[in-house]
Amino acid sequence: MATKKITITVPEELLESIRSRVDARGVSAWIAEAAARRDAGEKLGELADMLETEYGPYDDAAYEAVIDRIAAIDAWHDERRVQETTKAEQATEARADRSEQAA
């Protein structure tokens with residue numbers, strides 16, 4: 001991503017607090033990340049407002065249904081990861097067995 005140098009003004013206490021927390025990334029990277037998070041949050045709020053305008057406010061039952069669906073998707077992905085790990089482990093064991101038999 002292209003960057004552009006700007007000048008900003010922040011309270012001294014805030015700047016000192018930021019400086020005490022940053023590592024090699026520096027103050028600019030910390031502030032850029034904070035601004036990106038704020039921007040993403042505001043975009044999400046705009047999306048939520050748009051969806052509420054189009055579909056109406058959500059209710060607790062709809063919210064719970066979405067959370068349940070997400071949990072089901074997560075469980076499905078977890079199961080797939082276990083299956084893929086098991087297959088990989090079995091293939092590794094089979095190669096090791098073949099190597100032992102050949103030796």
Side-chain angles (χ1 to χ4, degrees):
M1 175 188 309
T3 60
K4 182 165 179 87
K5 188 171 187 167
I6 63 169
T7 301
I8 63 169
T9 304
V10 297
E12 285 182 42
E13 299 82 19
L14 177 59
L15 180 58
E16 290 309 313
S17 178
I18 294 168
R19 282 185 173 149
S20 72
R21 290 166 170 47
V22 297
D23 51 18
R25 331 176 275 154
V27 173
S28 292
W30 192 96
I31 290 175
E33 183 181 325
R37 287 180 186 213
R38 172 82 183 257
D39 184 54
E42 289 184 6
K43 287 178 181 176
L44 186 58
E46 291 167 3
L47 175 61
D49 291 343
M50 181 191 74
L51 292 171
E52 187 171 324
T53 298
E54 187 167 338
Y55 299 105
Y58 75 90
D59 58 29
D60 289 339
Y63 177 80
E64 290 300 323
V66 168
I67 295 300
D68 290 346
R69 181 69 179 131
I70 291 170
I73 291 168
D74 284 346
W76 182 85
H77 282 283
D78 290 345
E79 179 61 30
R80 296 279 297 161
R81 276 191 289 274
V82 167
Q83 290 172 359
E84 292 301 317
T85 300
T86 301
K87 287 179 186 175
E89 289 170 349
Q90 289 170 346
T92 300
E93 289 172 6
R95 281 193 298 275
D97 289 345
R98 286 192 301 269
S99 294
E100 288 175 9
Q101 291 172 354

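- Put simply, Trp30 and Ile8 are part of the same group of oily side chains (I, L, V, M, F, W, Y) that touch within less than 4.5 Å, one to the next.
- Distance CZ/Arg21 to CD/Glu16: 11.5 Å, rounded to 0.5 Å.
- Under a 3.5 Å cut-off, the side chain of Thr86 and the backbone N or O of Val82 do form a donor-acceptor pair.
- Enclosure of atom CG in Asp60 is not indicated, since only 12 or fewer non-hydrogen atoms of other residues, nucleotides or ligands lie within 6.0 angstrom.
- Checking Arg81 against Thr85 by side-chain atom types alone, no donor-acceptor pair falls below 3.5 Å.
- Under a hydrophobic clustering in which Ile, Leu, Val, Met, Phe, Trp and Tyr are joined whenever their side-chain heavy atoms come within less than 4.5 Å, directly or via other members, Leu47 and Tyr58 fall into different clusters.
- Placement of Leu51 and Tyr63 in two distinct hydrophobic clusters is found when ILVMFWY residues are connected by side-chain heavy-atom separations under 4.5 Å, directly or transitively.
- Two residues are said to be in side-chain contact when any heavy atoms from C-beta on lie closer than 4.5 Å; Ile70 and Val66 meet this criterion.
- To the nearest 0.5 Å, the span separating CD on Gln90 from OG1 on Thr92 amounts to 10.0 Å.
- For Glu12, the CD atom is loosely surrounded, since the number of other residues' heavy atoms within 6.0 Å does not exceed 12.
- Summarising the geometry, atom OG belonging to Ser28 is positioned 10.0 Å from atom CD1 belonging to Ile18; distances are rounded to the nearest 0.5 Å.
- The distance from the CG atom of Leu14 to the CZ atom of Arg19 is 11.0 Å, given to the nearest 0.5 Å.
- For the atom pair CD1 of Ile6 and CD1 of Ile31, the computed distance is 8.5 Å after rounding to the nearest 0.5 Å.
- Annotation: the span from Ile73 atom CD1 to Asp78 atom CG amounts to 12.0 Å, rounded to 0.5 Å.
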